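Convention: sequence-line order gives letters A, B, ...; per-chain numbering from 1. Only a predicted model underlies this, so the values are computations on that prediction, with no experimental measurement involved.
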Protein chains: 2
Amino acid sequence: MEGAREVTRAATIHAVAALAGVSPSTVSRALNSPGLVNAVTRQRVLESAEQLGYQPNRAARSLVLGRTSNLGLIVPDIANPFFTPFIKAVQAQVRQASYSLFLADTDEDVEVEVEAARAMAKQVDGMILCAPRMPGNRLRSIAVHTPVVIANRQSRTAPAVTMDIGPGVRQAVAHVHALGHRRCAFLSGPRGSWSNQQRLRFFTAACQAQGVELIVLGPFEPVFGGGYRGADEAVAAGVTAIFAYNDLVALGVMSRLNDRGIRVPGEMSVLGFDDIPMASMMNPPLTTVMMPITAVARASASMLLTLLGGNGPPRPAAQELAARLVIRSTTESAARPTGL
Amino acid sequence: MEGAREVTRAATIHAVAALAGVSPSTVSRALNSPGLVNAVTRQRVLESAEQLGYQPNRAARSLVLGRTSNLGLIVPDIANPFFTPFIKAVQAQVRQASYSLFLADTDEDVEVEVEAARAMAKQVDGMILCAPRMPGNRLRSIAVHTPVVIANRQSRTAPAVTMDIGPGVRQAVAHVHALGHRRCAFLSGPRGSWSNQQRLRFFTAACQAQGVELIVLGPFEPVFGGGYRGADEAVAAGVTAIFAYNDLVALGVMSRLNDRGIRVPGEMSVLGFDDIPMASMMNPPLTTVMMPITAVARASASMLLTLLGGNGPPRPAAQELAARLVIRSTTESAARPTGL
DNA sequence: CTGAAAGCGCTAACAG
DNA sequence: CTGTTAGCGCTTTCAG
């Protein structure tokens, strides 16, 4: 009979101690504070441990130490390409600090998010909540018990790392203005979304300040298909440049424009938002507002690590990183308005 | 002073016991085996627990129970859209069985993978290795200590869930043959890759069996850019249909074809492989061989759960799921060869 | 039905 | 430098 349970019961510290002819505490010390034990003894212990394939039991360790050496990360959607660089960066940094990472995805659902955060809180030393959708009080109820860093969302409850889209938006508007565009469309995203409101607000302000007429269209779903529809409306509105809510939408726009035989950037300039990995790979490469998501990830991770380290500033200050325009090949001098 | 450490020390089972006026063991029973305790006592305990916001310490629980209630999942690359449905499905199933899930990504690096698996093994009750790259002996050394299920790869070491691409490939070839195509290109992927070899082998066999001439091109990188280059070679080869190594490559092909003014599917038919979420969203929607990745995920998860359950068959058998063709809009009757 | 006692595997004083 | 002792918080016999 074979089956589910392990063949060999894992070796305990006692077994190692016995084999090395020392006490368990010496084994513990040899492994955790090599300096405190005689070199030759330590060598013997190490060999015994090696021979038995000894792996400290994490539960026992956590229990006595009061820490798990695990960190958690919760993101709205793993499938969203906007978050993947974030996940990767956090993962790398966390691993480097020799923590393990619990990663959960909430499918953009608040209930799932709250539940995931609660469940996770019990088994990590701290966690990063990326763009959490839950209300402030729920956030607080979690942050009270567990060190938390919030990314992509303002908070008074916990230290937060956010992005300032202002510079990027202003650069984008200045860029199209410089190319001679005077009438542009903004393809808006989900009405309820905070980032849509923010993007809309900044674009409106920047266009007004720089003398560009802004036609707000939408809302459109923040995916490929949304841009597909949006493209037609923008063309009908007689604009010469399109600010898409995000890169996915921009992708849809370009696809649709292409179907209709409208050249990008020849007849229509298109700008995205986010700078997802695909943006630079598409054809032509997309001019877009780069959100410094990787930098945010790194900052969040360091912040959490600092928070846990106990050293450093007692409570890391909030931090804000600036978005900026990345000019690639979908923007060009304004031509005569298309459509009609 | 405030700072990193928790404000309130988490309530222990003792505190709850004291408040309810019972012993810790009664609290434990009230929570875990409600049947064994007097209804009114239980009620009192539950209220005390609620009042104190009592959350059992997982480390202590794991220590005595010998199980963590955590499961692990390791995938080659979180950013690869092929794996996202897999991750989501596993996550859902695991959560439903009230386990938490550790998710790790190896960036396709064998060393990272081995390391991640080792680290994870110590703190989960079992894990799913998705398309592991590590050699069989490393795999074995892990599977010996931890219940493991392998997805997307054959194995004699552990129960595995794999996909049979045969039916899908044969359907694809039959499909283009029925449309009158007699000369097709296969844009191959990474030379070393097992799935590339497999796909190539099956396409070669199916084409030969069905009387379709197959021009093998490449290798190309398995991403958008690869297809971009591949498209030109395929056109130069004078084929009327292109089998792309995967959907990303197909995407690149279509983009390039479009740039060159070659209509899909009018002048060239294009077929993908995998059926990533984007395949149905692109324009026109891609005809592709659907890999039943979600089904594999579900099967893997159930398998692992069974393995851990101790009940059911002592060792779940390996399982193989069939791929099949999904016909969308990038395939049409053969026209005259393009190019030259 | 409930309490007392023992112990999961490990670390951290505290003596030697 | 090393062994002994005492728990970390929880579950589970074993008595009552």
Novice: According to ring-ring contact (aromatic ring centres under 6.0 Å, His included), who are the partners of F102(A), at least two apart in sequence or on a separate chain?
Specialist: F102(B)
Novice: So, does R153(B) use its side chain to make a donor-acceptor pair with the main chain of P132(B) at under 3.5 Å?
Specialist: yes
Novice: Starting at atom CZ of R67(B), determine the distance to atom C1' of dT11(D), rounded to an integer number of angstrom.
Specialist: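 Nearest whole value for this atom pair: 13 Å.
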Novice: Is it true that a side-chain atom of S33(B) and a backbone atom of G35(B) form a donor plus acceptor pair closer than 3.5 Å?
Specialist: no
Novice: With a 3.5 Å distance limit and no angle check, can you tell me whether D105(A) reaches the backbone of I78(A) through a side-chain donor-acceptor pair?
Specialist: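 Checked: pair present.
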Novice: How would you summarise protein contacts on nucleotides 8-13 of chain C per nucleotide, using B for base, S for sugar-phosphate only and - for none, with heavy-atom distances below 4.0 Å?
Specialist: BBSSBB
Novice: Does dT2(C) have its OP1 or OP2 closer than 4.0 Å to a side-chain nitrogen or oxygen of T41(B)?
Specialist: yes
Novice: Take the protein atom NZ of K122(A) and the nucleotide atom C1' of dG9(D), then report the distance between them rounded to whole Å.
Specialist: 14 Å
Novice: Where do D109(A) and R133(A) land on the salt bridge (charged side-chain N to carboxylate O under 4.0 Å, His left out) test, with the steps shown first?
Specialist: CA-CA 8 Å; D109(A) 182 312; R133(A) 264 66 164 158; over 6 Å; no
